[in-house]
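Only one structure is covered here, and it is reproduced in the block below.
Atoms within each ligand, like the ligands themselves, are counted from 1 in listed order.
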Amino acid sequence: MTAAMIGRLNHVAIAVPDLAAASALYRDRLGATVSAPVAQPDHGVTTVFIELPNTKIELIAPLGGNSPIAAFLERNPSGGIHHICYEVADVAAAARDLAAGGARVLGSVKIGAHGKPVVFVHPKDFLGTLIELEQA
Ligand code: CO
């Protein structure tokens, strides 16, 4: 049992096949504040952020020929919830603790879409949900 590693919900990420259409859906149907698309070549995705009063939604679409979300979109052609991101005080320490407890931490700590360190934990070790941890 680890004491209070988890912090705020930073965002919920939704993989989409068409970023422009997805942005328009949130902007025009829900009246959401939708950012311009930002290419994240280090992560193989293009991201759009939707600011909500209490959290964010991250729309992600494949970028380049080897996108890590390409297979997910093949299985979910109309899109789907891809991961959820929790804030933690220390990503590297959290990754070490989770790995010590037997969770598969995917790769190493990288700089994420917000310029902060992030790491991902395998969905098979977290109730079928891909978890992103971001430095608070
Ligand atoms: Co994310």
*OH (Tyr86) with more than 12 external heavy atoms under 6.0 Å*: no

*Show all protein N/O/S atoms under 2.8 Å from the Co ion (ligand 1), or state that there are none.*
His11 NE2, Glu58 OE1, His83 NE2, Glu132 OE1

*Can Phe72 and Ile60 be said to form a side-chain contact (heavy atoms from CB on, under 4.5 Å), step by step?*
CA-CA 11 Å; Phe72 180 90; Ile60 51 179; over 6 Å; no

*Candidate pair Val91 and Val118, rule side-chain contact (heavy atoms from CB on, under 4.5 Å), full reasoning*: CA-CA 6 Å; Val91 162; Val118 300; 5.8 Å; no

*Apply salt bridge (Lys or Arg N to Asp or Glu O under 4.0 Å) to Arg27 and list each qualifying residue two or more places apart in sequence or on a separate chain.*
none

_Side chains of Thr47 and Glu58 only: does a donor on one sit below 3.5 Å from an acceptor on the other?_
no

*4.5 Å side-chain heavy-atom contact, Leu52 and Ile57*: yes

